[in-house]
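We count ligands from 1, going down the list as the structure has it; atoms in each ligand are counted the same way. Small disclaimer: the values here were computed from a predicted structure and weren't measured.
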Amino acid sequence: MPSLQGQAALVTGSSSGIGTAVAQSLAAAGAKVGVNYSRSADEAEVVVADIRAAGGEAIAIQADVSQEDQVQRMFSQFCEAFGTIDILVNNAGLQRDFNLVDMSLADWNLVIGVNLTGQFLCAREAVKEFLRRGLVPERSCAVGKIICMSSVHEVIPWAGHCNYAASKGGVSLLMKSMAQELAPQKIRINSIAPGAIQTPINRDAWETPEALEALLKLIPYKRIGVPEDIGKAAVWLASDDSDYVQGETLFVDGGMTLYPGFESGG
Ligand code: NAD
């Protein structure tokens, strides 16, 4: 595993699912980790306790990533605790699924607010701190790293989920535009696009044998992903091993984006 020794990493929405695995994997690679949560302080404290029990360093920090003042407070608390930030993982996200005609403006705004605006707000604060601090060559050859948690739905349209698909499509060009703008300052920005990963967000898709069977038809590799699949990819993207990777989306999806309908010749 590449080393992130001495680096400070903030993972939004890491009191459950993919975020927890990413926080644990970054900590196992030597990073000090901020476990952000919006509501579930108890769950976040369990993640922090697990990381500490494994010999790592972690703190829990509350913030709703869609709220500017809360994001700014979270970064102040994080930098007060760890001195600076080296790695941001923009992971927090949610779904509110409705057919178009039944979708309220509130459901649209909530999903765009957390999944897209939240990534902008957190990235902006992280980049301000990266630029203030500058390069620390003993820690990393980049001034800072941001990983945006996208989805296969940044490219696959998703009926009944147009707010979610629009938010992830937005993350794709937000990430690439930030990466283009900030590459000259040696700030690396990339995305991970998970396929179907077994977490609370998609319980309906794997909870029953029938649902799982239907899901596996969409996955050429014929297994559902686990959060650790994403944790390992995040360590690599945050490390200097991926130093020449900029503005890319790494699909970690068991082949879900390979047009599985054509598996048997189309
Ligand atoms: P999850 O529901 O376990 O995790 C989402 C986390 O975001 C939760 O901890 C939740 O509390 C947090 N969150 C929600 N609103 C927030 C807010 N306003 N402020 C701060 N935190 C907030 O689901 P997950 O599958 O672990 O999802 C993590 C990320 O991965 C999301 O961005 C999701 O879109 C993405 N993703 C998941 C899958 C999958 O199959 N599980 C696939 C593609 C993308």
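Remark: the backbone N or O of Asn90 is not paired with any side-chain donor or acceptor of Thr12 at under 3.5 angstrom.
In Gln198, neither the side chain nor the backbone holds a heavy atom less than 4.0 Å from any atom of ligand 1. Residue contacts with ligand 1 for Ile197 involve both N, CA, C or O and side-chain atoms from C-beta outward (heavy atoms, distance under 4.0 Å). At a heavy-atom distance under 4.0 Å, no atom of Ser40 approaches ligand 1. Residue contacts with ligand 1 for Ser150 involve N, CA, C or O but no side-chain atom from C-beta outward (heavy atoms, distance under 4.0 Å). Contact annotation for Tyr37 and ligand 1: no heavy atom of the residue comes within less than 4.0 Å of the ligand. When heavy-atom distances to ligand 1 are checked against a 4.0 Å cut-off, Val65 comes that close through both its backbone and its side chain.
Ring geometry, Trp158 versus His153: the interplanar angle falls under 30°, so the pair is classed parallel (tilted spans 30 to 60°).
Atom 10 (C) of ligand 1 is never approached by the protein to below 4.0 angstrom, counting heavy atoms only.
Protein heavy atom nearest atom 28 (C) of ligand 1, with residue, atom name and distance: Asn91 OD1, 3.3 Å. Given atom 42 (C) of ligand 1, the protein heavy atom at minimum distance is Gly195 O, 2.9 Å.
When the options Gly93, Ala21, Gly118 are ranked by their closest heavy atom to atom 7 (O) of ligand 1, first place goes to Gly93.
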